[in-house]
Amino acid sequence: MAFGDFQQLCRDVPSYPWCNLFYRQLQKTAPTTLAPPASAPVGIAAKCGIPRLAAPHDLGNIANVVVCGLAFFVVLFLISVAVRRKAAVARVELLFFLTLYLVSLPLQLISTSSFLAQGSTALVAITAVHAGVVAALFWCLLGNALISMQVVEDGTLSSLIPFGFFTAAFFTVTTYISLDVALTLTSTFGPSNPPAALHSIPLFVFTSVWPGAAALLYFGMMAYVVLGVLREVRPLWYYILAAVLFILSQLDYFLLSEVICTGSHAKVDGAFVATILETAAVGVLVMAWRSITEESWDDDMGYYGT
């Protein structure tokens with residue numbers, strides 16, 4: 001498996017959304033290798049996949065549907081919490097992050113829950129937008145850390161303009177690359193050669209490498225803010241807990257999802273557990289943000305406060 005190959009991921013990880021893009025690509029380059037679109041699960045030659053919701057008795061990836069729906073309302077509550085803290089540092093930037101995570105949930109629900117036929121233009125478009133939102137989401141996460149380090153003053157044009165620009169840039173670039181991979185609009189980002197490798201370095205970087213790197217940088221920066229600027233230990237435990245939850249979500253998604261899928265006879269997979277853990281991590285991040293913007297921090301520590 002070379003860097004940028006999705007072949008193993010699409011085979012071993014049920015409900016891996018970016019495989020939807022390669023299914024459409026392979027319909028043009030190697031259609032005989034694909035399962036029929038009417039019943040094909042998310043994935044390419046998947047070891048275990050939940051069949052498409054194509055008959056009255058089929059439920060698709062029902063566990064992930066339910067969890068995404070519940071998580072949507074949890075995030076709405078978290079947004080309401082952030083909105084009420086009108087003078088807290090990085091409030092606007094945190095709301096950007098929470099809003100993008102909120103938007104990602106219905107996109108995840110549709111792109112991973114076997115609702116739409118594989119290869120359909122609708123599924124390709126939703127998956128491409130989902131990829132763009134994920135890339136932008138992790139920029140917003142990293143951007144929140146930069147604002148917390150007081151690189152620029154939060155909530156001002158000097159903060160919001162570059163923050164919004166890079167959010168739009170990550171979304172636009174990743175969405176375009178995703179569409180080009182699926183539809184082969186140009187030869188710049190595809191098709192994969194050989195087709196079975198499902199190869200795309202730019203897509204792999206923006207959907208796999210970038211989120212991990214952004215999360216790592218975020219937690220490193222916030223540890224510096226808490227220990228180096230605020231000189232407090234208590235808020236750090238929130239960030240450690242959020243990091244642990246995020247890591248567990250990824251381990252579940254990439255290592256246990258197939259086990260869960262096989263054990264349930266392709267009724268559910270690990271996506272719903274990963275969504276629970278990711279949403280919990282987001283909730284803990286909001287708690288951490290509340291903790292470092294309490295009234296108890298001294299004014300000489302910057303503009304932290306409510």
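Numbering of residues begins at 1 and proceeds along the displayed sequence. Values reported hereafter were calculated over all heavy atoms of this structure, with side chains retained and with hydrogens, waters and symmetry mates removed.
Between the side chain of Asn144 and the backbone N or O of Cys140, at least one donor-acceptor pair lies under 3.5 Å. Judged purely by atom type and a 3.5 angstrom limit, Tyr23 uses its side chain to pair as donor or acceptor with the backbone of Ala35. At distances below 3.5 Å, at least one donor-acceptor pair connects side-chain atoms of Lys28 with backbone N or O atoms of Leu183. A donor-acceptor pair under 3.5 Å links the side-chain atoms of Thr279 to the main chain of Thr275, judged by distance alone. In terms of modelled atom types and a separation under 3.5 Å, the side chain of Ser111 and the main chain of Pro17 share no donor-acceptor contact. Without hydrogens or angle criteria, Ser257 side chain to Gly270 main chain gives a donor-acceptor distance under 3.5 Å. Without hydrogens or angle criteria, Thr172 side chain to Ala169 main chain gives no donor-acceptor distance under 3.5 Å.
For the pair Leu198 and Leu21, the minimum side-chain heavy-atom distance is 4.5 Å or more. Ser148 has its side chain out of reach of Met221: every pair of non-hydrogen atoms, C-beta onward, lies at least 4.5 Å apart. At least one side-chain heavy atom of Leu123 sits less than 4.5 Å from a side-chain heavy atom of Gln118. Phe115 has its side chain within reach of Val65: a pair of non-hydrogen atoms, C-beta onward, lies under 4.5 Å apart. Contact check for Glu278 versus Tyr253: no side-chain heavy atoms found under the 4.5 Å cut-off. Looking only at side-chain heavy atoms (C-beta outward), Asn20 and Leu116 stay at 4.5 Å or farther from each other. Contact annotation: the side chain of Phe171 approaches that of Val129 to within less than 4.5 Å [non-hydrogen atoms, C-beta and beyond]. Considering only heavy atoms from C-beta on, Phe246 stays 4.5 Å or farther from Leu277 through its side chain.
Atom CZ of Phe96 has 12 or fewer neighbouring heavy atoms from other residues, nucleotides or ligands inside a 6.0 Å radius. Heavy atoms of other residues, nucleotides or ligands lying less than 6.0 angstrom from OH of Tyr176 number more than 12. Phe77 CZ: 12 or fewer foreign heavy atoms inside a 6.0 Å radius.
Between Trp139 and Phe166, the ring-plane angle classifies as tilted under the 30° and 60° cut-offs. Between Tyr16 and Trp18, the ring planes are perpendicular. Angles over 60° get that label, and only those under 30° would be called parallel. Ring geometry for Tyr239 against Phe219 counts as perpendicular: the plane angle is over 60°, on a 0 to 90° scale with 30° as the lower cut. Note on ring orientation: taking the six-membered ring where Trp is involved, the planes of Trp210 and Phe170 are parallel (angle under 30°, cut-offs 30° and 60°).
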| query | side-chain contact (heavy atoms from CB on, under 4.5 Å) between Leu285 and Trp289: does it pass, once the steps are laid out? | reply | CA-CA 6 Å; Leu285 287 182; Trp289 171 76; over 6 Å; no
| Test side-chain contact (heavy atoms from CB on, under 4.5 Å) applied to Leu256 and Val273, step by step | CA-CA 10 Å; Leu256 296 181; Val273 179; over 6 Å; no
| field | Test log, rule side-chain contact (heavy atoms from CB on, under 4.5 Å), inputs Gln8 and Val13 | value | CA-CA 8 Å; Gln8 186 173 342; Val13 182; over 6 Å; no
| said: Under the criterion side-chain contact (heavy atoms from CB on, under 4.5 Å), I'd like the reasoning laid out for Asn61 against Val42: C-alpha separation, chi angles, the key distance, then a yes or no. | reply: CA-CA 10 Å; Asn61 197 343; Val42 177; over 6 Å; no
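Here CG of Leu107 is found 9.5 Å from CG of Leu109. Values are rounded to the nearest 0.5 Å. Atoms CG and CG, on Leu76 and Leu102 in that order, are 5.0 Å from each other to the nearest 0.5 Å. Rounding to the nearest 0.5 angstrom, the gap separating the CD atom in Glu232 from the OG atom in Ser291 is 8.0 Å. Leu98 contributes atom CG, which lies 9.5 Å from atom CG of Leu137 (distance to the nearest 0.5 angstrom). To the nearest 0.5 angstrom, Leu236 atom CG is 14.5 Å from Tyr224 atom OH. Rounded to the nearest 0.5 Å, atoms CG (Leu203) and OG (Ser208) are 7.5 Å apart.
A side-chain hydrogen bond (donor to acceptor under 3.5 Å, both in side chains) with Ser15 is found for one member of Asn64, Asp269, Thr112 and no other, namely Asp269.
For the pair Lys267 and Ser264, the tightest heavy-atom approach, listed with the atom from each and the gap, is CG-O, 3.0 Å. In terms of heavy-atom proximity, Ile292 sits nearest to Pro235 at CG2-CB, 3.6 Å. Between Ala131 and Ser178, the shortest heavy-atom contact is CB-OG, 3.4 Å. Minimum interatomic distance between Pro195 and Thr29 (heavy atoms only, all atoms of both residues): CB-OG1, 4.0 Å. Across all their heavy atoms, Ala40 and Arg52 have their closest contact at O-CB, 3.9 Å. Annotation for Ser200 and Phe6: closest pair O-CE1, 3.7 Å, computed over non-hydrogen atoms.
With no hydrogens or angles considered, a side-chain donor-acceptor pair links Glu93 and Ser159 at under 3.5 Å. Inspection of the Asp180 and Thr186 side chains reveals an N or O donor paired with an N or O acceptor under 3.5 Å. In summary, the side chains of Arg24 and Thr184 do not present any donor paired with an acceptor at a separation below 3.5 Å, with no hydrogens or angles considered.
Residues Leu95 and Leu157 are members of separate hydrophobic clusters, defined by side-chain heavy-atom contacts under 4.5 angstrom among Ile, Leu, Val, Met, Phe, Trp and Tyr. Both Val209 and Val133 sit in one connected hydrophobic cluster of ILVMFWY residues. Membership requires side-chain heavy atoms under 4.5 Å apart, directly or through other members. Val226 and Val286 fall within a single hydrophobic cluster, where Ile, Leu, Val, Met, Phe, Trp and Tyr are joined by side-chain heavy atoms under 4.5 Å apart, directly or via other members. Under a hydrophobic-cluster definition in which Ile, Leu, Val, Met, Phe, Trp and Tyr are linked whenever side-chain heavy atoms come within less than 4.5 Å, directly or via other members, Met149 and Leu227 are assigned to the same cluster. Hydrophobic clustering (ILVMFWY, side-chain heavy atoms < 4.5 Å, transitive): Leu216 and Phe138 are in distinct clusters.
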